[in-house]
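Read through the structure below, which is laid out as structure tokens, and then see the notes.
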Amino acid sequence: RLYILYCQTYPTDLTKFKEYQRLSTRLRFAEHFNREYASANFLMLKALRKIIHSAGKTYHGKLNDLAWCLSLAQSTLNQVENKETKADFTFQKASKKQVKARIAIDGPSGSGKTYTALVAATALANNGKIAVIDTEHGSASLYSDHFSFDVLELASFSPETYTHAIHAAERAGYSVILIDSLSHAWEGEGGALDLADDAARRQKTPNSYTAWKEVTPIHRKMVDAILSSSAHIVATMRSKMDYVQEKDSNGRTLIRKIGLAPVQRAGMEYEFTLVGDMDLDHTIVISKSRCPALADAVQNRPDSAFFTKFR
């Protein structure tokens, strides 16, 4: 509270603020050894005296008037709290025009994620420009004769690199940003797992749990960039693989490759408004949707009309 009071009065005076910080440290030290002098009123009075003195003001009679000091502090705090309460809390009618798509398409290698993501991006762009952030060594460019888009190929896969690429696409005015693929930000070279390993190695006693304290904010910033983007976002994610045995209509045993959880931080798929799981037959199953028209939808080789429902 005293910090708010001080900044409200002298927002740019760092020298005086450092003096106040030193005072606070001494008072906390006193509180530890002599609690009777460190009551809330004592702290308030001492801090206010220091603030006013540092500013070169002379309220000699008032400084010893505890009630006046407390009243001054509370009055200033009320002004700050009122400004915070009134600022930017205006509700407005919700409409789909204000919502940008956040689509995730996951599946095993060969399921058609990149092609389907380009179909989705084209449907959402509605003649606008599409930016592709490519981590798959130019795989998206193989479809450049079917789709119109600009591509940025990443060489390193730190979540921070993804964040910068998203912001660059926004500044360039792209309607849709396609990230192919988001899995590299997790397990690719320089991705989150590599960053966590590097952070652990820098510690005197390597500890993977504490190492994530460095990495989580970087990863969270990337997620925030995706969620707050002014463009539609379509992202692909690789799925972990497994094999299952099935019987065909003739009773023969077949081995089929299936995709499991996407390769990204646990729960990443919940950040998106639409999640489609693809299999090796190129069939998409919508496992999560905030668009009623696509809830639980299943379609083989989804076309532009399938994703246009999201608009």
Side-chain angles (χ1 to χ4, degrees), residues 102-118 120-121 130-144 147 149-172 174 176-203 206 208-229 231-241 259-272 275-278:
R102 303 289 182 261
I103 298 177
I105 299 174
D106 64 76
S109 177
S111 59
K113 297 186 298 296
T114 300
Y115 186 90
T116 303
L118 285 167
I130 300 171
V132 176
I133 300 172
D134 187 357
T135 67
E136 298 281 0
H137 306 290
S139 63
S141 297
L142 297 175
Y143 303 113
S144 59
F147 304 95
F149 58 88
D150 298 330
V151 65
L152 170 67
E153 295 187 15
L154 300 185
S156 63
F157 309 120
S158 166
E160 188 174 22
T161 303
Y162 279 74
T163 302
H164 292 322
I166 291 168
H167 291 326
E170 290 170 344
R171 290 192 298 271
Y174 288 97
V176 183
I177 301 172
L178 168 54
I179 305 171
D180 184 38
S181 94
L182 198 55
S183 293
H184 287 76
W186 184 249
E187 67 171 13
E189 184 177 351
L193 295 181
D194 279 357
L195 293 178
D197 289 342
D198 291 343
R201 282 192 288 267
R202 286 194 296 269
Q203 298 173 345
S208 60
Y209 179 79
T210 57
W212 278 101
K213 290 184 178 180
E214 293 185 27
V215 181
T216 296
I218 300 173
H219 189 272
R220 186 68 242 178
K221 188 175 289 187
M222 178 193 71
V223 174
D224 289 342
I226 292 172
L227 298 182
S228 63
S229 176
H232 295 294
I233 298 287
V234 181
T236 67
M237 292 185 285
R238 295 176 178 177
S239 291
K240 296 175 182 177
M241 299 302 305
L260 301 176
V263 178
Q264 245 297 332
R265 194 162 197 166
M268 182 67 178
E269 62 271 28
Y270 299 118
E271 304 286 357
F272 293 86
V275 179
D277 306 324
M278 299 201 67

Beyond-backbone contact of [X] with [Y], side-chain heavy atoms, under 4.5 angstrom:
{"X": "H184", "Y": "S181", "result": "yes"}
{"X": "Y162", "Y": "F157", "result": "yes"}
{"X": "I166", "Y": "I179", "result": "yes"}
{"X": "L142", "Y": "T114", "result": "no"}
{"X": "D150", "Y": "L152", "result": "no"}
{"X": "I103", "Y": "F272", "result": "no"}
{"X": "I226", "Y": "R102", "result": "yes"}

Any idea which heavy atoms bring [X] and [Y] closest together, and the distance?
{"X": "A235", "Y": "L182", "value": "CB-CD2, 4.3 Å"}
{"X": "P108", "Y": "S111", "value": "O-OG, 2.8 Å"}
{"X": "L195", "Y": "S158", "value": "CD1-OG, 4.0 Å"}
{"X": "T163", "Y": "M222", "value": "OG1-CA, 3.1 Å"}
{"X": "S239", "Y": "D106", "value": "OG-OD1, 3.4 Å"}
{"X": "P159", "Y": "A192", "value": "CD-N, 4.1 Å"}

| query | Could you go step by step and tell me if M278 and I105 meet the side chain to side chain contact (heavy atoms under 4.5 Å, CB included) rule? | reply | CA-CA 7 Å; M278 299 201 67; I105 299 174; 3.7 Å; yes
To the nearest 0.5 angstrom, please state how far the [atom1] atom of [X] sits from the [atom2] atom of [Y].
{"X": "S228", "Y": "E170", "atom1": "OG", "atom2": "CD", "result": "6.5 Å"}
{"X": "W186", "Y": "M237", "atom1": "CH2", "atom2": "CE", "result": "12.5 Å"}
{"X": "S229", "Y": "L227", "atom1": "OG", "atom2": "CG", "result": "9.5 Å"}

| Do the side-chain N and O atoms of Q203 and T210 include a donor-acceptor pair separated by under 3.5 angstrom? | yes
| field | Trace of the side chain to side chain contact (heavy atoms under 4.5 Å, CB included) decision for V132 with L118 | value | CA-CA 9 Å; V132 176; L118 285 167; 4.2 Å; yes
| note | Which of H219, E269, R238 passes side chain to side chain donor-acceptor pair (under 3.5 Å) with Q264? Answer is H219
| note | H232 meets the ring pair (Phe, Tyr, Trp, His ring centres under 6.0 Å) criterion, sequence neighbours left out, with none
| said: Going by ring pair (Phe, Tyr, Trp, His ring centres under 6.0 Å), name the residues that satisfy it together with F149, two or more places apart in sequence or in a different chain. | reply: none
| request: Kindly say whether D180 contributes a backbone atom to a donor-acceptor pair with the side chain of T135 at under 3.5 angstrom? | output: yes
| said: Among residues at least two apart in sequence or on other chains, which ones pass side-chain contact (heavy atoms from CB on, under 4.5 Å) with Y115? | reply: V119, Y143, F147
| remark: salt bridge (Lys or Arg N to Asp or Glu O under 4.0 Å) filter on E160, not counting sequence neighbours, yields none
| Of all pairs that satisfy side chain to side chain donor-acceptor pair (under 3.5 Å), the ones with a partner from residues 191-200, not counting sequence neighbours | D198-R201
| said: Once side-chain hydrogen bond (donor to acceptor under 3.5 Å, both in side chains) is applied, do any residues pair with R171, and if so which ones, sequence neighbours excluded? | reply: none
